[in-house]
2 protein chains.
Amino acid sequence: MLKIGKLADYALVLAEYLGSTGRIVAISELSQETHIPLATVRKILLRLSQNGIVYSYRGVNGGYELAKAASSITVVEILEAMEGPLSITECVSTGSECKISKYCNLQRGWCSINEKIFSILSRTSLSDL
Amino acid sequence: MLKIGKLADYALVLAEYLGSTGRIVAISELSQETHIPLATVRKILLRLSQNGIVYSYRGVNGGYELAKAASSITVVEILEAMEGPLSITECVSTGSECKISKYCNLQRGWCSINEKIFSILSRTSLSDL
DNA sequence: AAGAATCAATACCATATTGGTATGCTATAG
DNA sequence: CTATAGCATACCAATATGGTATTGATTCTT
């Protein structure tokens, strides 16, 4: 467990393909090449675009391209674009909404672990995968 | 995101309490002290017991205690006891059930990341939290 | 031996999340 | 002006999850 969502996984695959071509690619091509369903690709690319990971171009000959070089886009950037801030537990992100937070003294430890995982994922670039 | 389940989180809290007392503790006490609902505590401790993290004792004065010293129980042990093997993506664990695995070349990278996260979580002991 | 305390095992349910799809709207190239 | 392609939103089905209830088995105490 401790799995990332399928959409986030797909997002990496799509981003990797964009990086490998280096040009503007339409959703239809992305879907064909990656075998990810068209409507799903559409949803993913929208999120990536809204989070500045890719640039989008409308109209004829439109499509998407990476906003940066594949070597400078990190795994955590794409992950967070798809799923929000990295937080291994409730208390790490929101300043503790957890019901038992008053009686729990693990928050500090979780934050530390969270930072370490963040560090790993931010040291891995798209091209490293 | 990339969150662990609440039950796993609770499991750490419960294990930490067990470690702090060093004696046999009944479910009722665990529930009272941690403010985790009784039935939920029962479910969690059962899993921990089945996975050898804690010893259980039935009958009057029964309860649970850690099977090892808190300093030698790792976070990943408890996590995996609660949620199964650590695997950040489908392809890491099961040898790839993923539909697009034939067209995806990220598996190697995910495995590497998974190992690094595993390493972090196995270098953190219960007493470190 | 009886009875109380305590864990074991399973089954169950409501809710939230997730993956996936559909649809009408907007912008742009030519 | 029209075909192409992304934008935005809404929707649905399936699954996972957290949480609860119940019955049975074991052990201590008296």
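Residue numbers begin at 1 in each chain, while the letters A, B, ... track the order of the sequences. Owing to the predicted nature of the structure, the values given are computational and were not obtained by experimental measurement.
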Q: Taking the side chain from A:Thr74 and the backbone from A:Ser125, do they hold a donor-acceptor pair closer than 3.5 Å?
A: no
Q: Using heavy-atom distances to pick each residue's nearest nucleotide on DNA chain C, tell me which of A:Val60 and B:Leu45 is more 5'.
A: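 The residue mapped nearer the 5' terminus is B:Leu45.
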Q: Figure out the CD1/C1' separation between A:Ile27 and D:dC7, and round it to whole Å.
A: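 Distance check: A:Ile27 CD1 to D:dC7 C1' gives 9 Å.
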Q: Using 0.5 Å steps for rounding, measure from the NZ atom of A:Lys6 to the NZ atom of B:Lys99.
A: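 The NZ atom of B:Lys99 is 5.0 Å from NZ of A:Lys6, to the nearest 0.5 Å.
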Q: Quick check for you: name the first and last nucleotides of DNA chain C, 5' to 3', having an atom under 4.0 Å from a heavy atom of chain A.
A: C:dG19 to C:dG30
Q: Measure the spacing between CG of B:Leu86 and CG of A:Leu2 and express it to the nearest 0.5 Å.
A: 5.5 Å
Q: Check the phosphate of D:dC7 against A:Ser56, side-chain N and O only, distance under 4.0 Å to OP1 or OP2. Yes or no?
A: yes
Q: Using atom names, set out every protein N or O paired with an N or O of nucleotides 15-20 of chain D below 3.5 Å, distance rounded to 0.1 Å.
A:
{"unit_1": "D:dG18", "atom_1": "OP1", "unit_2": "B:Lys6", "atom_2": "N", "d": "2.3"}
{"unit_1": "D:dG19", "atom_1": "N7", "unit_2": "B:Lys43", "atom_2": "NZ", "d": "2.7"}
{"unit_1": "D:dG19", "atom_1": "O6", "unit_2": "B:Lys43", "atom_2": "NZ", "d": "2.7"}

Q: Would one find a side-chain N or O of B:Asn61 under 4.0 angstrom from OP1 or OP2 of D:dT29?
A: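 B:Asn61 to D:dT29 OP1/OP2: side-chain N or O found under 4.0 Å.
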Q: Looking only at side-chain atoms of A:Leu46, point me to the closest of D:dC7, D:dT29, D:dG24.
A: D:dC7
Q: Which part of the nucleic acid does B:Gly59 contact within heavy-atom distance under 4.0 Å: base, sugar-phosphate only, or nothing?
A: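 Touches a base.
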Q: Checking the side chain of A:Glu83 only, and the main-chain atoms of B:Met1 only, is there a donor and an acceptor separated by less than 3.5 Å?
A: no
Q: Any side-chain N or O of A:Gln50 under 4.0 Å from OP1/OP2 of D:dA8?
A: yes
Q: Give one of base, sugar-phosphate or nothing for B:Ser49, where a contact means two heavy atoms less than 4.0 Å apart.
A: sugar-phosphate
Q: Could you tell me the separation between the CG atom of A:Leu14 and the CG atom of A:Leu66, rounded to the nearest 0.5 Å?
A: 10.5 Å
Q: Check the pair B:Thr34 / B:Tyr10 against side chain to side chain contact (heavy atoms under 4.5 Å, CB included), numbers first and verdict last.
A: CA-CA 9 Å; B:Thr34 61; B:Tyr10 288 168; over 6 Å; no
Q: I'd like to know if B:Tyr55 and B:Ile44 are part of one continuous hydrophobic network [Ile/Leu/Val/Met/Phe/Trp/Tyr, side-chain heavy atoms within less than 4.5 Å].
A: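 In one cluster: no.
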Q: State yes or no: do B:Ile120 and B:Val76 share one hydrophobic cluster built from I, L, V, M, F, W and Y residues joined by side-chain heavy-atom distances below 4.5 Å, directly or via other members?
A: yes
Q: Answer yes if B:Tyr57 and B:Leu48 sit in the same cluster of Ile, Leu, Val, Met, Phe, Trp and Tyr residues linked by side chain heavy atoms under 4.5 Å apart, and no otherwise.
A: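 Not linked; separate clusters.
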